[in-house]
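Keep in mind it's a predicted model, so treat the numbers as computed, not measured.
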Amino acid sequence: MLIRNKLILRFTLLVLAIQLGFSAFVYYFHAAAREQRFTRRLAGKAIMTARLHLRTAPADSAGAVRRTFSRSDLLTIEQEEISIYAPDNRLIYVSADTVPQQANQSQLPRLATGAPLVRFRAGPLDAVGFNYGPAGQPYRLFAAGYDELGWAQLASLRLILLAGNVGALVLIILAGWYFADESLKPIARVVKQVKKITARELSRRVDEGNGTDEIAQLAITFNQMLGGLEQAFEAQRSFVSHASHELRTPLTVALGTLQTALAYDETLPDAQESMASAVEDLRQLMGITNGLLALAQAGEMGGRREPVRLDECLTQAVAQCQARHPGRLVQVAFGDVPDQLDTPFAVAGNAQLLTTALLNLLDNACKYSAAEVRATLGYANPETVQVAVADTGIGIAPSDLARVFEPLYRAENGRQQPGYGIGLAVTQKIAQRHGGTLVLASEPGQGTTATLRLPVVG
C-alpha cells in the first residue's frame, strides 16, 4: 500500500474514532439528562397528587380507593399512571382503574429497605417509586409515563449525529487526501530530482527545502551520500587512469627492449644488457602488482582480531625500514602510559597489517627526507593510542594533500623518487579496518607528520 493511502486511512480512522467517541458521549449524557429530567417530573407529579389526595380524602377504614379530584385539575403526562400505597403497602389511590400494579408491587420491597428512589421500566413507560410522608409512616408513591418529547428529542439527536458523522467522514477523507498530498509533495519532488541523477551526472544535488524539517534532513543526507559517491567515482576513475598508466609503462618498455634485443642484439653482452633492462621493468611491474594486492587485502581484512602490542609492531617496522635504507637514522620515542591500562600500547587487530602500515609511513619519511626521521608512540587520550612519524623533507602541497590517499596518485614534487603511490592508501585502509584514522599534516619544504590513531583494547 502506498504511503499516501496509509496516511489517509490512518488519519480517517483516527479522526472517525474521535468523532464517534464524541457523538457517543453527547448522546449518552443527553439520554441521561432526559431520564433525570423526566424522573423529576414524574416525582413532582406524584408528590402533587399525593398532597391533594392525602389532604382531601384519606383512605377509609375499609381501605377503599377514593378520588376526590379530577385528573383534569393537573397537568398530565402522556400515558400517566400514578399509584399511592399506604405504609402497610395497601393501594389507596390509582389514577386509573386500568393501571397495572405488578411492576409497582415488585418494587415495594426495595422501598421498604429505605431506598430513597427507584427507577424502573413499566413496559414502554419510564417509572419511578419513592417514599413520601411523615417520618415513621411513609407512603409509597409510584409514577409512570411516556416521555414523548424526550424520546422525540433523542431520535432527532440520533438523526443529527448520524448525518453529521456521515458528512464528517466525507470531509475527513477529503482533508486526509489533501494533507497527505501536501505532506508528500516534498518527497515527490525529491523522487523526481533523484530520477534525473545518473552515474554521469553525480554532481547534481537534491533541493534541501527549508533545511529544517524531516524531508530536508532526508535531502541533506542524500546529498551527502551523493557527495561520497561522486568522490568514490572520481577516485575510481583516477585509480583506473593511474593504474593503466603505471602498468602499461613498464610493460611497454619491457616489450620494446625485448623486441629491440631480438632484432638487433648480436652479441651476448648486448643481449644480457637488454634482458637486465627488461628484468628491471618487470620488477617495477611486480612491485606495482604487489602493492595493489596489499591494498586489496587491507580493504578486505576481517575475521577475529587479537590483542597486539603496537610498540612491538613499531620495533619490527623500524628494523625493516633501516634494512631498506641503510645508514638512515630513525629515532623512536615513547610517551606516558595511562595508569588505568593493564597492557601498554595494546590494540585489537592484525599484527602483520599494522607492521605494514607503520613500515609504509617510515619508508615514505625516509624516501622524502634526507635528515633523521622521528617516530613517537603515545596516547592521544586514554582510549586512543597513536604513532606520529615526522620528517623534515620536501613536504606536500595543499592541493596534493587531499589526494595522496588515492591509489597510484603521487604528488608533483615526489615523482622523481622511487615508488608507486600505494603505501598511504594501504595504510589508510588498514587504519580504517582497525577502527582508527590516519591524519597527515604537511608544509612544502618543511616536512610531513603522519599520525596513525587506533582504539585501545576494550
Using the test ring-ring contact (aromatic ring centres under 6.0 Å, His included), find all partners of [X] that sit at least two apart in sequence or belong to another chain.
X	value
Tyr264	none
Tyr379	Phe345
Phe25	Phe29

I'd like a table of donor-acceptor pairs (distance under 3.5 Å, sequence neighbours excluded) in which one partner is a side-chain atom from residues 158-166, with atom names and distances.
| unit_1 | atom_1 | unit_2 | atom_2 | d |
| --- | --- | --- | --- | --- |
| Arg158 | NH1 | Tyr27 | OH | 2.7 |
| Asn165 | OD1 | Ser23 | OG | 3.4 |
| Asn165 | ND2 | Ser23 | OG | 3.1 |
| Asn165 | ND2 | Leu161 | O | 2.9 |

Side chain proximity check, Pro444 to Pro398, heavy atoms < 4.5 angstrom: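 Sidechains of Pro398 and Pro444: in contact.
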Kindly indicate whether the side chain of Cys313, heavy atoms from C-beta on, has any atom under 4.5 Å from the side chain of Val308.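 Yes; the side chains approach each other to less than 4.5 Å.
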Tell me which pairs pass salt bridge (Lys or Arg N to Asp or Glu O under 4.0 Å) where either residue lies in residues 350-365, with sequence neighbours left out.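 Qualifying pairs: Arg324-Asp363, Asp363-Lys367.
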[X]: partners by side chain to side chain contact (heavy atoms under 4.5 Å, CB included), with sequence neighbours left out:
X	answer
Thr449	Ala388, Ala390, Thr451
Thr315	none
Gln446	Glu443
Ala380	Thr384, Gln386, Arg453

Does Phe22 have more than 12 heavy atoms from other residues, nucleotides or ligands lying within 6.0 Å of its CZ?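 No, because the 6.0 Å sphere around CZ of Phe22 holds 12 heavy atoms or fewer from other groups.
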Determine whether more than 12 heavy atoms belonging to other residues, nucleotides or ligands lie under 6.0 Å from atom CG of Asp336.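 Check fails, neighbour count at 12 or below.
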Is the backbone of [Y] close enough, under 3.5 Å, to the side chain of [X] for a donor and an acceptor to pair up by distance?
X	Y	value
Arg41	Gln36	no
Asp391	Gly447	no
His434	Ile430	yes
Ser274	Ala261	no

In chain order, what residues pass the salt bridge (charged side-chain N to carboxylate O under 4.0 Å, His left out) check against Arg309, with sequence neighbours excluded?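 Arg309 satisfies salt bridge (charged side-chain N to carboxylate O under 4.0 Å, His left out) with Asp311 once adjacent residues are dropped.
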Give every residue pair that meets the ring-ring contact (aromatic ring centres under 6.0 Å, His included) criterion with at least one member in residues 153-196, sequence neighbours excluded.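 For residues 153-196: none.
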Solution key, residues 120-127 side-chain donor-acceptor pairs under 3.5 Å, sequence neighbours excluded:
| unit_1 | atom_1 | unit_2 | atom_2 | d |
| --- | --- | --- | --- | --- |
| Arg121 | NH1 | Asp126 | OD1 | 2.3 |
| Arg121 | NH2 | Pro124 | O | 3.0 |
| Asp126 | OD2 | Arg34 | NH1 | 3.2 |

